[in-house]
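Everything below concerns the one structure shown next.
Each chain gets a letter, A, B and so on, in the order its sequence line appears, and its residues count up from 1.
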Amino acid sequence: MKDTVHAARPGGGRGGILDREGALAKLLIAPAVLYIVAMIGAPFVLAVLYSLSDATTGDPSLHLVGFRNFAAVLEDPVFRLALRNTFVFTLLSQSIVIVLSRILANALLKPFRGKWLVRFLILLPWTAPISLGTIGWLWMFDSIFSPIDWVLRYLGLLGTATGLLGPQTNMYWLGVPGLAMASVIIVNVWRILPLATVIQLGGLSSIPKDLIEAAEVDGASPWRRTLMITIPLTLPIVSIAFLFGIVFTFTDLVVVYVLTRGGPVQSTQVLSSWTFFKGIEAGDLAQGAAISLFMFPVLAVVAILILRMARRTEVV
Amino acid sequence: MGRVEIRSVSKKFGEVRVVDHVDLATNEGEFLVLLGPSGCGKTTLLRMIAGIEIPTEGDFVIDGRVVTDLPPRLRNIAMVFQSYALYPHMTVYRNIAFPLRARGVDEGTVRKKVEWAAGMFKIERLLDRKPRELSGGERQRVALARAMVREPSVFLLDEPLSNLDALLRTSAREELRQFQRRIGVTTIYVTHDQVEAMGLGDRIVVMSQGKVRQVGTPLDIYQHPADTFVATFVGSPPMNLLEHDGILLGFRPETFLPADAVEGSEGVATYPFEITYLEYLGAERLVYGDVGEKSHARHVVSRLPGSLNLPLEAGKTYPFAVARRDLRRFDPKSGLALPGETA
């Protein structure tokens with residue numbers, strides 16, 4: 001008799017841990033909490049403490065000195081340039097990404113032969129390590145052997161007396177301030193585009209086909225359908241893609257570090273690279289921490305916006 | 001205004017012919033119902049009339065104009081989708097105004113027309129709500145209002161009642177019919193529900209496997225089915241089919257009654273009816289059983305009015321009969337109705 005009761009209740013009479021939802025929830029959530037405390041909470045607290053101290057890489061002991069570091073950082077013209085560059089770099093590349101990913105997603109929505117391969121190729125930059133991809137781009141932008149320049153010369157745009165881009169044989173992509181910023185933006189767009197495309201594709205294919213057909217029957221032209229139906233309906237998810245892109249770009253160090261190291265003459269210096277150069281390479285941990293904390297308000301606002309957008313997509 | 005002609009239209013998806021050489025024309029102001037089981041091509045046919053789907057062969061003519069190559073917005077048709085397809089991000093007002101604004105109607109007229117359409121379907125108080133805040137019945141009204149607001153020449157409906165619960169469906173059916181009478185717009189209505197088809201249609205088009213099986217009034221379809229498919233698809237329970245002397249005899253369950261209750265000036269056909277099972281449904285009784293001995297198609301149903309208080313028992317045999325004028329004859333091979341009504 002006892003045996004049959006047990007057989008009917010797998011996991012024992014009172015139920016194991018899997019049956020007690022409260023305890024199970026705590027158990028399952030524990031790794032996430034641990035991760036956030038160890039990898040995000042602790043470094044953040046440390047950064048705040050460092051920014052209020054005079055710590056260096058040679059002497060990382062905590063000796064609090066008040067807001068001196070923030071004052072020094074704000075007076076530094078390189079910091080102000082880096083702050084401006086960060087916004088230019090982030091907003092420009094994200095705007096380009098949104099437009100391009102929309103076009104790509106629209107193209108990928110249509111059925112065609114080899115669609116799988118094209119999707120795979122488009123996703124590839126996202127799967128490759130950023131530093132590796134950027135090193136590849138370093139060659140693309142090389143001052144002498146740049147394949148881009150080679151194509152431009154072949155087209156007669158460069159290196160001839162009448163060339164649209166000038167008589168010189170090379171563009172010196174990473175050696176001219178404006179072009180260097182353009183190069184950094186191009187590489188960043190190349191890197192973020194796959195993710196944004198996949199998100200846009202998800203957004204587009206989540207619109208019920210009925211709605212588009214109803215709009216067609218209701219007399220809406222293709223333009224009107226895009227403006228009144230497709231864009232409003234994908235806005236929440238596109239906003240999320242946009243905000244995530246901002247976070248990735250705003251905090252990105254690798255592209256700038258590998259391509260230009262912030263040069264020429266600080267024209268591509270951004271907050272994250274400046275933090276690294278100041279705090280790690282120059283050894284001034286305190287000022288580096290102070291610089292990095294200037295990113296915090298922007299990222300906090302973006303994070304709040306992401307959460308609000310996520311809620312909106314749940315409701316619709 | 002509002003005459004749709006379908007000229008030898010076919011539609012293939014890959015190798016499958018979903019709609020197979022359909023010829024059909026509506027009368028002006030008519031309520032035409034496309035009836036058939038799922039997969040019979042009725043919805044595809046409707047979508048081709050709307051212009052959402054392009055036919056593989058054939059032409060569509062609306063009010064004398066060939067519209068086969070025109071996009072939906074140039075056809076002046078309105079359609080209500082099975083899902084209603086309300087724009088979720090717009091209020092009810094903006095949903096109904098959408099077709100007008102797409103045509104560049106000025107805002108004053110838009111307001112007047114939206115209010116007219118909302119009044120017609122009694123949804124004035126919902127104009128500021130979003131679709132997700134509406135009940136199923138309210139959504140259906142909004143979808144109807146959005147379709148009607150532009151006064152189309154043809155009104156297409158794709159199973160608009162199938163998402164409503166049973167109680168609401170009956171009242172919605174009645175409302176829809178009255179409303180169509182009042183407006184007088186040619187309406188093509190797709191459904192797989194024969195009760196809806198019988199109740200709504202001026203004429204019914206019965207379809208199966210992409211082909212039109214019969215076009216006729218509800219009475220025609222019910223009384224004189226063109227073939228065994230129509231005979232067994234329309235009516236619940238379906239028409240009984242009995243093999244007899246190399247042909248199929250068909251008769252409706254309600255005409256197959258105890259021999260005493262049947263009278264026919266043209267005579268009656270009497271059969272020994274061996275009852276296997278009885279169902280009491282309140283207003284009526286369904287009696288299942290077998291007739292005759294040799295033929296394999298001998299299972300028949302009788303539908304007795306609840307008022308006919310006769311003691312019947314499963315396992316026993318009773319004499320049942322059909323009036324000869326209620327017998328229909330079908331070719332057992334082709335399934336087509338044979339001329340000469342009685343057997």
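Within the 3.5 Å criterion, the main-chain N or O of B:N76 finds a donor-acceptor partner in the side chain of B:S153. B:T26 places a side-chain N or O within 3.5 Å of a backbone atom of B:V4 that can act as its donor or acceptor partner.
Contacts between residues 41-52 of chain B and chain A, counted as heavy-atom pairs separated by less than 4.5 Å, involve B:R47, B:A50, B:I52. Annotation: residues 213-230 of chain A contacts chain B through A:E213, A:A214, A:A215, A:E216, A:V217, A:D218, A:G219, A:A220, A:S221, A:P222, A:R224, A:M228, A:I229 [non-hydrogen atoms, separation under 4.5 Å].
Judged purely by distance below 3.5 Å, without hydrogens or angles, the side chains of B:T91 and B:D128 never pair a donor atom with an acceptor atom. Donor-acceptor pairing under 3.5 Å is lacking for the side chains of B:Q178 and B:R181. Residues B:Y189 and B:Q180 bring no donor and acceptor atom of their side chains to less than 3.5 Å of each other.
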Expected list for residues 185-192 of chain A: side-chain donor-acceptor pairs under 3.5 angstrom, two or more places apart:
| from | atom 1 | to | atom 2 | distance (Å) |
| --- | --- | --- | --- | --- |
| A:N188 | ND2 | A:S93 | OG | 3.4 |
| A:N188 | ND2 | A:T249 | OG1 | 3.2 |
| A:R191 | NH2 | A:D252 | OD1 | 3.4 |

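For chain A, the nearby parts of B:Y87 are the backbone and the side chain; heavy atoms of each come within less than 4.5 Å. Looking at B:L100, neither its backbone nor its side chain comes within 4.5 Å of chain A, counting heavy atoms on both sides. For a residue to count as touching a neighbouring chain, one of its non-hydrogen atoms must lie under 4.5 Å from one of that chain's; by this rule B:R75 does not touch chain A.
For B:Y93, the OH atom counts as densely surrounded, since its 6.0 Å shell holds more than 12 non-hydrogen atoms of other residues, nucleotides or ligands.
Heavy-atom pairs under 4.5 Å with chain A were tallied for B:K130, B:R94, B:R103; the largest tally goes to B:R103.
With rounding to the nearest 0.5 angstrom, the CD1 atom of A:I103 is 12.0 Å from the CG atom of A:L108.
B:E57 pairs in a salt bridge (Lys or Arg N to Asp or Glu O under 4.0 Å) with only one of the listed residues (B:K11, B:R7, B:R17), which is B:R17. The one candidate from A:I306, A:V301, A:L307, A:I304 that meets the side chain to side chain contact (heavy atoms under 4.5 Å, CB included) condition with A:L243 is A:I306.
Contacts of B:T109 classified as side-chain hydrogen bond (donor to acceptor under 3.5 Å, both in side chains), with partners at least two apart in sequence or in another chain: B:D106.
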